[in-house]
Every structure is written in structure tokens, then in C-alpha cells.
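Please read the structure below before turning to the comments.
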Amino acid sequence: MALNSGHSLVEKFFFVRQWARHPLQFGAILPSSSTLCAALAQYVPTDEYVVELGAGTGNLTRALLDQGVPPERLIAVEIDEKCCALLRKKFPHLTVIQGDARHLCSLLPPDIVGHVGTIVSCLPFLNFSPSVRRAIVQACTHVLVSVGQIFLLTYSPISPIPSKAYGFSKKCLKFVFSNVPPASIWRYQLDPS
Ligand SMILES: C[S@@+](CC[C@H](N)C(=O)[O-])C[C@H]1O[C@@H](n2cnc3c(N)ncnc32)[C@H](O)[C@@H]1O
């Protein structure tokens, strides 16, 4: 079995090198597999603004575009400068923003804040302190529409983010055992009431 196929060997090497430099920030030694990315992308609507957090080397970005999310409605946010350069090269028509997801409100163009339908996160939440997790979830709630949703990839069998406190109902949608390591897909839906 190819380990998390979907990337070229050069990109896998690039990812491993970045992980070795910033292990906590990357959270995984390999990029997510195409199977995992496609499994998540199928849930994502194609008629609204979608923000991807922690786009890395773009495997999930590719799956979202393949699923039909228009590039002009997809915004990739990534903290790592080298990953951003790679993403801009791979997806020249995409908006790639370098920055910390905690500052999402000020990173996104002002006319999009409050109009994002879906946020997709590959952030390594398990490696973040509770205060960083809270800051990121809070920033997400500010940019989402009132019935917005977050999809999250995680290696944790339990929900890695506080949901009730922010008015989300949560559901684990899928386990993908073939990913290395096995991962689950969670959905957090804002309750408009
Ligand atoms: C597990 S990798 C996921 C990469 C890719 N999306 C995938 O699925 O293969 C996590 C990514 O989140 C990025 N990241 C970590 N903390 C971040 C933060 N606070 N804001 C934005 N990106 C962050 C890392 O630089 C890394 O590229």
C-alpha cells in the first residue's frame, strides 16, 4: 500500500522536511491521503464560500476543487511560508493567505467575514493548548454565516474542539482507516437559534 497516496514523492519529502522543522505545527508526518481528502470533500457544498485551514501541501485543496468548489470561492489559510509558496504555485487561481487561523477575522477579506458557509480544517488541534483551540473556534464562529459549519480532520477518536460552548452540534461522520494514521471526519453545525 502506498503511504497516503495523492502527492508526488517530492511533495511528500517536502512535507516530511517541514514536519521535522515544526513537528507540533504540522501534527502529521505525512500529508492526508487522497482517500481521506475525497471522503471529506464530498460533504462540502459547492455554492458558498469555503475556507480551508491548514492547507499544507494542498491535497485536500485539490480534492475540494475536484469536488466542484469554484476556486474563486475557496480560500486557503496556512501558517507556513514555504507551504504557501507551494500552494500558490500549484493553484495559481486560488486565494492563499499566510497567517495564523486564530486571526481569521483579520486575515479574510472584510466582505467575506460573516459570509463563509463552510470551514474545513486540517489543523492539528490535538497539539494546541485549550486557549489556542478556543481562539480558533471563536474566530471561526465570527466568519461563518449563522447556519455555517466546520468540517474537521483529526486523529483523535473524540471531538478535539469545544462545540457546545459555541453553539455547535457535532457529529462524527466517518473513520478512514486506510489513512496513515487512521483519521476521522467531524462535522460541527452552528445552531442559528
Ligand atoms: C496535518 S497538516 C495538514 C496539511 C494538509 N491539509 C493535509 O491534509 O495533508 C496541518 C497544517 O496546518 C498548518 N497549521 C498549523 N497551525 C496553524 C495555524 N495556527 N494557522 C494556520 N495553519 C496552521 C501547518 O503548517 C500544516 O500545514
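Whatever order the structure lists ligands and atoms in, that order sets their numbers, starting from 1. Quick note: residue numbers are just sequence positions, from 1.
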- The protein heavy atom nearest to atom 9 (O) of ligand 1 is Ser32 N, 2.7 Å

- Polar contact flag for Ile79 and ligand 1 (N/O pairs, less than 3.5 Å): yes

- Item | Distance-only N or O hit between ligand 1 and Asn59, under 3.5 Å | no

- Using a 4.5 Å cut-off on heavy atoms from C-beta on, say whether the side chain of Pro124 contacts that of Leu126. no

- Query: Does one hydrophobic cluster hold both Ile75 and Val69, with members joined at side-chain heavy-atom distances below 4.5 Å?
  - Reply: no

- Message: Under 4.0 Å, heavy-atom basis, I'd like to know which part of Leu60 is in contact with ligand 1: side chain, backbone, both or neither.
- Response: neither

- Message: Under 3.5 Å between any N/O of Gly54 and any N/O of ligand 1: does that happen in this structure?
- Response: yes

- Closest to atom 19 (N) of ligand 1 among protein heavy atoms sits Asp100 OD1, 3.0 Å

- Under 4.5 Å between side-chain heavy atoms, hopping through other hydrophobics if needed: is there a path connecting Tyr166 to Val116? yes

- Message: If the contact criterion is a heavy-atom separation under 4.0 Å, does Glu78 count as touching ligand 1?
- Response: yes

- Message: Taking 4.0 Å as the limit for heavy-atom contacts, which would you say applies to Phe128 with ligand 1: side chain only, backbone only, both, or neither?
- Response: side chain

- Looking at side-chain heavy atoms only, is the closest gap between Asn59 and Leu36 below 4.5 Å? no

- Leu104 side chain near Ile119 side chain, heavy-atom distance below 4.5 Å: yes

- Message: Give me the nearest non-hydrogen protein atom to atom 20 (N) of ligand 1 as residue plus atom name, then the distance to 0.1 Å.
- Response: Ala101 N, 2.9 Å

- Task: Test Tyr43 against every option in Gln149, Gln67, Lys174 by the side chain to side chain contact (heavy atoms under 4.5 Å, CB included) rule and name the one that passes.
- Result: Lys174

- Query: Would you say the side chain of Ile97 lies within less than 4.5 Å of the side chain of Leu108, judging by non-hydrogen atoms?
  - Reply: yes

- Query: For Arg102, is at least one N or O under 3.5 Å away from an N or O on ligand 1?
  - Reply: no

- For Thr35 and Ser178, work out which heavy atoms get closest and say how close. CG2-OG, 4.0 Å

- Query: At a 4.0 Å cut-off, with the gap strictly under it, does some heavy atom of Ala55 reach an atom of ligand 1?
  - Reply: yes

- Ring geometry between Trp186 and Tyr188 (parallel below 30°, tilted from 30 to 60°, perpendicular above 60°): parallel

- Item | atom 15 (C) of ligand 1: the protein heavy-atom neighbour that sits closest, reported with distance to 0.1 Å | Gln25 O, 3.1 Å

- Given the rule that I, L, V, M, F, W and Y join up when any side-chain heavy atoms are under 4.5 Å apart, are Ile79 and Leu74 in one cluster? no

- In ligand 1, the atoms that come under 4.0 Å of a heavy atom of Pro31 are 9 (O)

- Measure the distance from atom 1 (C) of ligand 1 to every protein heavy atom, then report the residue, atom name and distance (to 0.1 Å) of the closest one. Phe26 O, 2.8 Å

- Options Gly56, Gly99, Ala28, ranked by nearest heavy atom to atom 21 (C) of ligand 1, top entry: Gly99

- Would you tell me which option among Asn127, Leu123, Leu87 has the nearest heavy-atom contact to atom 23 (C) of ligand 1? Leu123

